[in-house]
Amino acid sequence: MLQTLKTYFGYERFRPLQEDIIRHLLERKDALVLMPTGGGKSICYQLPALLNKGTTVVVSPLISLMKDQVETLRANGIAAGALNSNNDETENASLRRACTEGRLKLLYISPERLLAEINYLLRDMHISLFAIDEAHCISQWGHDFRPEYTQMGILHQLFPQVPIIALTATADKITREDIIRQLHLNHPRIFISSFDRPNLSLTVKRGYQQKEKSKAILDFIARHPGESGIIYCMSRNKTESVAQMLQKQGIKASIYHAGLSPAQRDETQDDFINDRIQVVCATIAFGMGIDKSNVRWIIHYNLPKSIESFYQEIGRAGRDGLPSDTLLFYSLADLILLTKFATDSGQQNINLEKLQRIQQYAEADICRRRILLSYFGENTTCDCGNCDVCKNPPERFDGTIIVQKALSAIVRSEQQIGTGILVDILRGNMSHEVTEKGYHHLKTFGAGRDVPARDWHDYLLQMLQLGYFEIAYNENNHLKITQSGTEVLFGRTSAELVTIRREEAVPTGKGRKRKVAIPPKELPLGLPNVENDDLFEALRSLRKRLADQEGLPTYIVLSDKVLHLLSTSRPTTIEAFGNISGIGEYKKKKYGKEFVEMIRKYS
Ligand code: ADP
Ligand code: ZN
């Protein structure tokens with residue numbers, strides 16, 4: 001097993017659970033695998049496919065995903081193909097022949113196609129294993145329900161001797177049970193790996209309004225020059241305005257949402273995969289078909305509706321294991337809107353509960369990763385050191401007066417205002433609504449002029465979290481003071497708030513490039529973790545040239561991680577090149593000579 005892993009994939013070690021899963025499948029037993037995005041699910045069935053006689057059939061919901069997987073396998077010298085509606089007839093005919101003659105190790109197929117072929121092609125093949133990728137698509141409880149998936153229960157009836165492995169990154173219990181039941185898995189062993197992705201940093205910014213968000217995003221991207229990232233937005237309009245904002249600053253950005261034609265969406269996806277654009281501004285529709293391993297950052301422009309979707313989306317960063325950053329903007333306006341969606345959704349209880357959990361994450365004053373992992377049922381014993389709370393533990397101050405000013409304005413306006421007008425009153429803004437209702441005559445008008453508007457939005461979120469007021473969602477989102485709010489207003493208790501810190505912006509054009517450090521344990525022994533930047537750039541251009549020649553995305557030729565390992569350990573023989581983690585026999589023979597020549601020039 002280890003030798004096959006090294007020969008074909010170039011890796012020395014299995015990740016946790018991979019080895020157990022593979023052994024289990026080689027004993028021809030069923031399995032359900034829950035692993036986070038980027039956890040390394042594919043090897044769990046690709047390795048048995050190589051070790052077994054016959055062909056492993058992989059059911060996958062998206063053509064783009066199949067294409068990516070097949071290209072990755074072929075780039076490693078493994079015979080693989082995808083049967084789908086994108087192929088032309090000759091292509092499909094030769095694939096079918098390869099299948100029946102047993103020349104393919106892996107066949108990727110969509111669920112529709114699988115059902116269509118079940119009594120034809122599949123009968124004529126020697127099938128070693130069925131792998132059901134993105135298996136949560138079978139369940140109505142999952143977030144990507146696909147009716148075609150529900151008919152795959154038939155597989156075990158027609159092919160009782162062929163084991164099935166179902167894989168997903170969605171961990172919740174109902175979905176899990178649904179998958180087992182519907183696929184008729186036979187006493188499956190369930191493998192649940194840790195959902196921790198320690199290479200993803202976690203940051204939340206609270207209370208930002210649109211302008212501040214734009215600025216924060218530009219600063220963030222300046223710290224990631226040339227690095228691919230995704231900005232998830234709640235609405236189509238938002239994706240468009242954010243993309244325009246970026247384009248104006250000379251950043252190559254594009255949009256992706258369900259309102260575009262399939263051709264437009266494919267174009268964005270293709271441009272992103274091939275590094276022709278740096279940023280995609282997307283609604284949640286984007287990402288499932290993306291296996292791009294060098295997405296270096298994810299921004300959530302709006303609060304997501306649940307921890308599941310949030311985790312799945314940030315999981316698209318850093319699949320190669322290198323450090324990657326995530327940033328979530330949390331605002332009261334989003335919370336109000338999402339509460340409305342959840343309330344109107346027909347599954348009010350579940351959806352409000354889910355919203356509350358992501359809210360807890362956004363409002364956390366303890367390690368954020370611990371909150372995420374506990375959501376997935378994992379107990380942790382220490383803080384992560386890679387989230388904003390760990391890095392800058394919140395400091396508190398006596399905020400009684402600030403709280404009193406806000407609460408007093410709420411009371412004096414007879415609890416008939418939302419947060420926008422409240423901030424106007426506190427700041428003394430003569431806005432249209434303020435003068436129309438005569439709020440400029442209130443005693444508290446302008447009482448909070450010393451606090452910037454953006455900080456007021458932050459403090460209001462804190463006050464909501466502390467329970468000093470509530471939002472009447474059924475009364476135009478007006479704010480209503482609570483009993484504990486009254487206690488503070490009348491000075492009977494004091495209120496502690498968290499100090500707001502605003503980091504200094506990076507001056508434009510001076511974006512420091514963050515060093516991508518390879519974790520020391522992954523470096524060959526005795527090497528200092530020092531990278532030759534010029535060499536890295538040279539290797540990157542070489543990779544780009546080779547990728548263009550082959551019409552492949554660069555990360556399929558060699559991953560970013562491999563490039564970093566090369567420019568750190570600088571192998572000068574083809575043998576040493578082949579020892580780099582991530583380079584198998586096939587790539588060693590194919591690319592070794594050119595890369596080694598380039599490295600020699602720099603030694
Ligand atoms: P998933 O399907 O779970 O999202 P993938 O199967 O795409 O994850 O794997 C994510 C990345 O991890 C890929 O780049 C893959 O090559 C790499 N990987 C998988 N297994 C190992 C391993 N044992 N050692 C090193 N890298 C691995
Ligand atoms: Zn932490």
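Start at 1 and go down the list; that is how both ligands and their atoms are numbered. The analysis underlying the following values was restricted to heavy atoms, covering all of them including side chains, and did not include hydrogens, waters or symmetry mates.
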With a 4.0 Å cut-off, would you call R545 and E594 a salt bridge?
yes

Residues T168 and H136: side-chain donor-acceptor under 3.5 angstrom
yes

Quick one: CG on D291 to OG1 on T37, what's the gap to the nearest 0.5 Å?
9.5 Å

Considering residues at least two apart in sequence or located in another chain, which fulfil the ring-ring contact (aromatic ring centres under 6.0 Å, His included) criterion with Y311?
F376

What's the shortest heavy-atom distance between R265 and H257, and which atoms?
CD-O, 3.5 Å

Do you know which of R319, R543, R540 makes salt bridge (charged side-chain N to carboxylate O under 4.0 Å, His left out) with D560?
R543

At less than 4.0 angstrom from any atom of ligand 1, which residues have a non-hydrogen atom? List them by chain and residue number.
Y11, R13, F14, R15, Q18, P36, T37, G38, G39, G40, K41, S42, I43, R319

Pairs under 3.5 angstrom only: tabulate donor-acceptor contacts from the side chains of residues 49-63 to other protein residues two or more places apart or in another chain.
residue	atom	partner	partner atom	Å
N52	ND2	P48	O	3.3
T55	OG1	L104	O	2.8
T56	OG1	S128	OG	3.0

Decide, yes or no, whether a salt bridge links K67 with E71 under the criterion of side-chain N to carboxylate O below 4.0 Å.
yes

Within less than 2.8 Å of the Zn ion (ligand 2), how many protein N/O/S atoms are there?
4

So that I can tick it off, tell me whether K590 and E550 are bridged by a salt bridge, with the cut-off set at under 4.0 angstrom between side-chain N and carboxylate O.
yes

